[in-house]
Amino acid sequence: MLTHLLEKLNHKPPTTVFRRRKTTSAEYVASRNRDPTFEKLMDKYKNLFKVIAIQDLILGTTTNAAAPPAVSLDFLNRLSQRLHLNRGATHFLRKYPHIFNIFHHPIKLQPYCTLTETALKITQQEATAINATLPLVVTRLVRLLSMSVTKTLPLRAIFKVFRELGLPDDFEESVILKKSDLFALVDSGNEPNTHLLKLVGDIPKGELVAAVVNWRVVECCKEDCGVDRNEILYSFKHSYPPGMKLKRSFKAKVKEWHQLKYVGPYEAVEIGKKRKNKIGMMEMEKRAVGIVHEFLSLTVEKMVEVEKISHFRKWFGIDLNVRDLFLDHPGIFYLSTKGYRHTVFLREAYERGCLIEPNPVYEARRKLLDLVILGRRGLSRGHSEPTGVCQGEDGFTEEVKTDSDED
């Protein structure tokens with residue numbers, strides 16, 4: 001009996017092995033460092049995206065030349081779920097009387113919605129700005145195609161980002177067909193009824209210089225440049241979210257990454273070449289960063305939805321998860337998850353929530369954003385148009401929060 005008791009006391013329980021659980025993609029996104037300025041900007045943009053979706057539906061309707069385009073509220077209410085209007089289209093439209101005008105149609109005998117004069121002027125201003133910058137639009141398309149490994153991109157992918165690139169609505173006729181010496185539409189052999197846009201013109205290699213290269217030249221030419229010119233040769237501009245803790249090991253890895261050579265976005269690369277060693281994988285990752293950085297530099301607002309840029313991944317020769325790429329480099333990109341979408345910003349292009357170097361198309365779209373932020377204010381004084389937009393210290397309109405601000 002005593003022997004049996006001693007055996008029980010000396011018996012050691014089996015050692016439990018704790019294995020480190022692999023972080024999921026959703027957890028990786030949730031653990032990122034937030035930037036309050038970009039989060040506040042996206043908080044405004046998420047309603048702007050809904051406004052633009054309804055605006056496109058209104059402008060896409062065919063009406064008499066004398067009457068402005070309009071759509072029925074019944075039609076918009078049926079699309080409420082697709083447009084992410086949780087309380088219905090009518091509730092959402094009434095939140096923005098400076099943009100939408102609800103009226104009773106005298107012939108259809110039901111409520112309809114149209115754009116206000118102020119909103120129509122903004123759309124016309126944007127269209128005028130796009131048409132005035134057609135040479136720049138051509139350059140953007142040339143650069144985009146030049147980053148492709150085969151100098152070819154699917155037309156449907158370009159359609160997804162035509163607004164981000166500042167292309168006109170009829171860019172097939174006004175840009176592609178008119179510039180037949182540069183572009184050509186060809187059929188895809190693998191997918192039926194799919195067209196590819198191909199770069200057929202010869203572009204001198206020296207004309208295509210990446211935006212980050214121009215930044216390096218400017219930094220090196222500064223008299224008070226405190227960075228070694230050899231170190232900046234392959235580096236990118238970095239600015240981290242406020243409050244982000246930068247450990248010594250992290251800084252060392254960033255410095256090593258800065259000095260790493262890589263193939264630029266406009267340089268030729270071997271198709272299908274796999275690199276399994278650590279240096280080779282880092283070079284592939286840095287090339288992907290360079291391509292995405294240049295892609296964002298070509299956009300009007302220096303921002304794009306992650307899902308849209310993923311359509312170019314294969315054609316750019318990027319063999320990495322694009323969203324993880326943005327999260328791995330928080331000093332270059334900022335990823336926001338507001339508004340039923342993942343949106344990436346080019347950090348260096350923004351200051352206090354506004355573009356550092358604005359363009360006419362961006363300024364027109366910013367006016368529409370100001371109307372979204374304005375909401376229902378100004379109506380009590382009888383103003384049919386906004387009297388002005390007050391900018392706060394962070395670059396945003398000062399807004400009074402009400403219960404109806406969230407849809």
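We count residues from 1, following the sequence as given. The structure presented is a predicted model; accordingly, all values stated were derived computationally and were not measured.
At a threshold of 4.5 Å between non-hydrogen side-chain atoms, the residues Phe183 and Leu177 do not count as touching.
Considering only residues two or more places apart in sequence or on other chains, His258 meets the ring-ring contact (aromatic ring centres under 6.0 Å, His included) condition with His238. For Leu246, the side-chain contact (heavy atoms from CB on, under 4.5 Å) partners are Tyr240, Met244, Phe250, Lys251, not counting sequence neighbours. Residues meeting the salt bridge (charged side-chain N to carboxylate O under 4.0 Å, His left out) test with Arg287, sequence neighbours left out: none. Under the rule for a side-chain contact (heavy atoms from CB on, under 4.5 Å), the partners of Asp181 that lie at least two apart in sequence or sit in another chain are Lys179. By the salt bridge (charged side-chain N to carboxylate O under 4.0 Å, His left out) test, Glu305 is found to be paired with Arg341, residues two or more places apart in sequence or in another chain being considered. Remark: Lys308 engages Glu164 in a salt bridge (charged side-chain N to carboxylate O under 4.0 Å, His left out) (not counting sequence neighbours). For the side-chain contact (heavy atoms from CB on, under 4.5 Å) test, residues two or more places apart in sequence or in another chain that qualify with Ser146 are Val142, Leu199, Leu208, Tyr266. When the ring-ring contact (aromatic ring centres under 6.0 Å, His included) test is applied to His342, no partner is found at least two apart in sequence or on another chain. Not counting sequence neighbours, the partners of Phe159 by the ring-ring contact (aromatic ring centres under 6.0 Å, His included) test are Phe171.
Between Phe312 and Phe316, the ring center distance clears the sub-6.0 Å criterion.
Judged purely by distance below 3.5 Å, without hydrogens or angles, the side chains of Glu301 and Tyr45 pair a donor atom with an acceptor atom. For the 3.5 Å distance criterion, the side chains of His293 and Glu348 qualify, holding a donor opposite an acceptor.
Ion pairing between a basic and an acidic side chain is recognised when a charged N comes within 4.0 Å of a carboxylate O; Asp319 and Lys314 show no such pairing.
Under the 3.5 Å distance criterion, the side-chain polar atoms of Lys286 are matched with a main-chain donor or acceptor of Trp257. With Asn47 contributing its side chain and Val372 its backbone, the two residues share no donor-acceptor pair below 3.5 Å.
A salt bridge (Lys or Arg N to Asp or Glu O under 4.0 Å) check over residues 126-147, counting only residues at least two apart or in different chains, returns the pairs Glu126-Arg365, Arg143-Glu294. Applying the ring pair (Phe, Tyr, Trp, His ring centres under 6.0 Å) test to residues at least two apart or on different chains, none of the pairs has a partner in residues 118-152. Sorted pairs that involve residues 128-138 and meet side chain to side chain donor-acceptor pair (under 3.5 Å), not counting sequence neighbours, are lacking altogether.
In this structure, Phe38 and Tyr350 have perpendicular ring planes: the angle between them is above 60°, well past the 30° mark.
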